[in-house]
Amino acid sequence: MAEPHLAQHDQVNDSLSLWHLIEIGDRVRIEASLMSVEGDLQLRADRYYEVIGKSAVDAPHHSLYVQSDITGEVIELFPGFVADYQRAQEPAHHA
């Protein structure tokens, strides 16, 4: 019975580790296309999106933020939904 609990705990730790590794300016690809509650496509699984923001370290849950190429909206992503990421060629400029 302890195995599902451990698997979930490992998933949370992996997700948190990924959140720490990914920086603003890096590019992420998601595991599956993301749809809105209404069923409209928001993000595609076959492309990379630049991370334009991250939640605060002390936030209740850790998130990454990307801009949709379809709707133009900023979309919140949970790190566990990231399939792959690429480091930015140059560090992001912070104003």
Side-chain angles (χ1 to χ4, degrees):
M1 274 315 240
E3 287 182 25
H5 174 71
L6 289 176
Q8 185 178 15
H9 183 265
D10 289 345
Q11 245 180 344
V12 169
N13 284 340
D14 290 346
S15 182
L16 182 58
S17 295
L18 193 56
W19 180 87
H20 281 288
L21 286 172
I22 296 173
E23 298 291 335
I24 293 173
D26 290 351
R27 295 166 29 103
V28 296
R29 186 175 55 82
I30 57 177
E31 290 192 12
S33 294
L34 184 66
M35 308 296 274
S36 70
V37 174
E38 295 81 20
D40 299 323
L41 182 63
Q42 290 183 306
L43 299 174
R44 306 170 205 274
D46 63 350
R47 65 159 300 186
Y48 283 85
Y49 292 93
E50 182 179 350
V51 175
I52 59 173
K54 290 175 69 171
S55 60
V57 174
D58 59 353
H61 60 272
H62 295 93
S63 301
L64 305 169
Y65 298 93
V66 300
Q67 187 169 14
S68 172
D69 60 321
I70 301 160
T71 66
E73 296 173 294
V74 174
I75 307 292
E76 179 180 31
L77 287 178
F78 297 102
F81 200 53
V82 172
D84 188 27
Y85 77 98
Q86 299 174 339
R87 285 276 179 215
Q89 297 284 334
E90 298 176 17
H93 173 72
H94 299 280

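The chain is numbered in sequence order, starting from 1. Because only heavy atoms are used, hydrogens play no part in the values below, and waters and symmetry mates are left out as well, while side chains stay in.
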For S55, does its backbone N or O pair with a side-chain atom of H62 as donor and acceptor, under 3.5 Å?
-> no
How long is the gap from OH on Y85 to CD on E23, to the nearest 0.5 Å?
-> 9.0 Å
Can you check whether I24 reaches Y65 side chain to side chain, under 4.5 Å on heavy atoms?
-> no
Linked, directly or transitively: Y48 and V51 (ILVMFWY side chains, under 4.5 Å) = no
Hey, what do you get for CZ (R29) to CZ (R47), rounding to the nearest 0.5 Å?
-> 12.5 Å
Looking only at heavy atoms, the pair that brings A45 and S33 closest together is N-OG, 3.2 Å
Note, L34 side chain near L77 side chain (heavy atom, < 4.5 Å) = yes
Look up atom CD in Q42 and atom CG in D69, then write down how far apart they are to the nearest 0.5 Å.
-> 11.0 Å
Got L18 and F78 here, is their nearest side-chain heavy-atom distance under 4.5 Å?
-> no
Quick one: CZ on F81 to CG on L43, what's the gap to the nearest 0.5 Å?
-> 8.0 Å
Same apolar cluster (I L V M F W Y, side chains within < 4.5 Å links), M35/V74 | no
Output yes when a side-chain donor or acceptor of W19 lies under 3.5 Å from a complementary backbone atom of S63, and no otherwise.
-> yes
When hydrophobic residues are tied together by side-chain contacts of less than 4.5 Å, even through go-betweens, does V82 share a cluster with L21?
-> yes
Distance-only, no hydrogens or angles: does the Y49 side chain make a donor-acceptor pair with backbone N or O of R44 under 3.5 Å?
-> yes
Shared hydrophobic cluster, I30 / L41 (ILVMFWY, side-chain heavy atoms < 4.5 Å) = no
Is the side chain of Q67 donor-acceptor paired with the backbone N or O of G72 at a distance under 3.5 Å, no angle test?
-> yes
Measuring from K54:NZ to D26:CG, what's the distance to the nearest 0.5 Å?
-> 8.5 Å
